[in-house]
There are 2 protein chains.
Amino acid sequence: MNQIICTVDLVLLTLKEGALQVALLKRDKEPFKDVLALPGGFIHAEEDADARGAALRVLKEKAHITAPYLEQLATFSGPARDPRGWSLSIVYYALVSIDIVEQVGHSGRDQIRLVDVDKLMQLPFDHQAIIGMAVDRLRNKSQYSSLPCYLAGENFTLPQLQRVYEALMGGELNKVSFRRKMSEMGMLEEVDGRFGLAGAHRPAQLYRLRPEHREHLSLLERGL
Amino acid sequence: MNQIICTVDLVLLTLKEGALQVALLKRDKEPFKDVLALPGGFIHAEEDADARGAALRVLKEKAHITAPYLEQLATFSGPARDPRGWSLSIVYYALVSIDIVEQVGHSGRDQIRLVDVDKLMQLPFDHQAIIGMAVDRLRNKSQYSSLPCYLAGENFTLPQLQRVYEALMGGELNKVSFRRKMSEMGMLEEVDGRFGLAGAHRPAQLYRLRPEHREHLSLLERGL
DNA sequence: GGAATAGTGTCTGTAAGACACTATATG
DNA sequence: CATATAGTGTCTTACAGACACTATTCC
């Protein structure tokens with residue numbers, strides 16, 4: 001019978017200083033021991049409810065992160081991508097705010113390394129191609145959905161959210177249009193009374209995702 | 001070591017009499033022998049270059065169809081979807097014109113059964129959910145891409161193509177806008193001198209996909 | 001009141017849809 | 001020339017972006 005290596009890999013993305021960054025970990029086993037790569041691991045048929053469950057488990061065990069926005073990207077396969085043999089990796093991408101990453105970044109035994117996705121070094125396996133596809137998917141979906149909200153943390157102001165969208169899409173957005181569109185998607189609610197920012201100027205209203213939109217994206221008819 | 005069952009499944013879609021249909025085959029082995037289901041099969045690590053290669057092989061062996069538009073849909077996995085154990089299926093969807101299906105439908109040993117996707121019966125495994133996702137994906141992508149062209153055959157007129165888009169999206173489209181959009185995508189070229197249709201009226205110009213657009217979709221900025 | 005950023009009202013330009021007209025085939 | 005469908009010119013409507021104005025905070 002064919003022996004096929006079944007794994008999951010995770011593209012954990014966050015936004016730091018206006019740049020999209022991917023989380024890499026040093027591999028703790030051969031092949032490529034001690035080399036930076038995407039967090040990943042074998043599917044455990046006895047304990048994982050499905051591939052998504054395996055992805056959540058890997059994310060928790062290796063990056064100490066729970067319950068981010070998580071979506072299946074694609075499955076990569078073939079005889080050449082892993083030196084151990086014909087392999088298959090079901091890849092998920094996750095979005096988290098930088099605060100979450102920095103909280104766990106210190107605590108964990110495994111040190112998370114954040115790398116700008118536009119300045120990637122050589123990576124083992126086909127991890128560069130995988131990250132490329134994840135970034136394309138994120139940037140594309142950002143044009144017509146609430147996806148970028150998951151990079152913004154729990155509470156955020158509209159100017160902050162606009163800067164997130166602008167960082168992803170590369171270019172300035174019209175303030176009036178942006179706010180019309182966010183309102184049209186209807187996934188935001190005001191955080192009562194609370195205001196963001198300090199400084200010698202008017203503070204901005206804080207918002208958060210409505211509970212019913214925490215798991216499911218909002219979509220726009222015609223993009224931003 | 002975990003034994004995980006690795007398969008590919010195919011959602012072969014076509015448009016017949018204005019209705020989107022999925023191709024089903026009687027299974028030739030247990031489980032569910034002689035029951036209608038999606039064409040599928042094990043990945044053969046020795047011969048398949050990757051999962052896409054396995055999908056093309058299955059499509060050729062079981063449905064006798066080569067070189068359709070083929071795109072990965074998603075991977076479905078878990079302990080319950082296949083009675084044989086923890087399994088994983090990398091699902092691809094393919095689009096072909098009804099002419100292609102009907103040509104091979106007679107020749108093959110395996111009889112293809114076309115079923116309206118909106119009138120599906122109970123199916124084995126999680127094939128109903130898989131088909132549902134494929135249809136959603138097709139209908140969604142039809143809003144802003146040239147995807148429906150692959151359902152229209154090699155040569156087609158603009159009125160025919162508009163009827164294809166309308167069948168997928170459920171609703172009438174504005175003729176002027178539709179033609180502006182097709183022109184904007186720039187993936188069509190006139191088939192010289194040839195005209196479609198007969199009848200007591202002006203015949204329509206035939207078009208086909210430009211060679212450089214046969215593999216890659218064209219996209220619209222703002223949808224139809 | 002000055003400075004700085006948040007938030008909104010309104011005008012303008014562009015793109016989509018409605019409609020009507022011309023074009024070209026058959027009988 | 002009647003009829004039926006293909007294909008286009010143009011007007012109207014709706015939406016996105018530009019711009020300017022008001023709002024609110026700290027100093």
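Numbers restart at 1 for each chain; the letters A, B, ... are given by sequence-line order, proteins then strands.
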Which nucleotide, C:dT5, D:dG7, C:dT26, lies nearest any side-chain atom of B:A200? C:dT26

Taking atom types as modelled, is there a side-chain donor on B:D50 or A:S77 under 3.5 Å from an acceptor on the other? no

Taking the side chain as every heavy atom from C-beta outward, state whether A:V96 and A:Y150 have any atom pair closer than 4.5 Å. no

Less than 4.5 Å apart, side chain to side chain, heavy atoms only: is that true for A:V91 and A:V8? no

Inspect the surroundings of CD in B:E212 and state if more than 12 heavy atoms from other residues, nucleotides or ligands are less than 6.0 Å away. yes

Are A:E61 and A:R57 ion-paired here, with the side-chain N under 4.0 Å from a carboxylate O? yes

Closest listed nucleotide, where the reference is the side chain of A:Q205 and the choices are C:dA16, C:dG7, C:dA23: C:dG7

Classify the side-chain pair B:Y93/B:E71 by whether it contains a donor and acceptor separated by less than 3.5 Å. yes

Residues touching DNA chain D, which here means a heavy atom under 4.0 Å, drawn from residues 173-185 of chain B: B:K175, B:V176, B:R179

Using the closest heavy atom to pick a nucleotide of DNA chain C for each, name whichever of B:H201 or A:Y207 lands nearer the 5' end. A:Y207

Expected output is a numbered-order residue list: members of residues 139-163 of chain A with a heavy atom under 4.0 Å from any atom of DNA chain C. What is it? A:P159, A:R163

Quick note, side-chain hydrogen bond (donor to acceptor under 3.5 Å, both in side chains) partners involving residues 188-205 of chain A, not counting sequence neighbours, are A:E189-A:R208

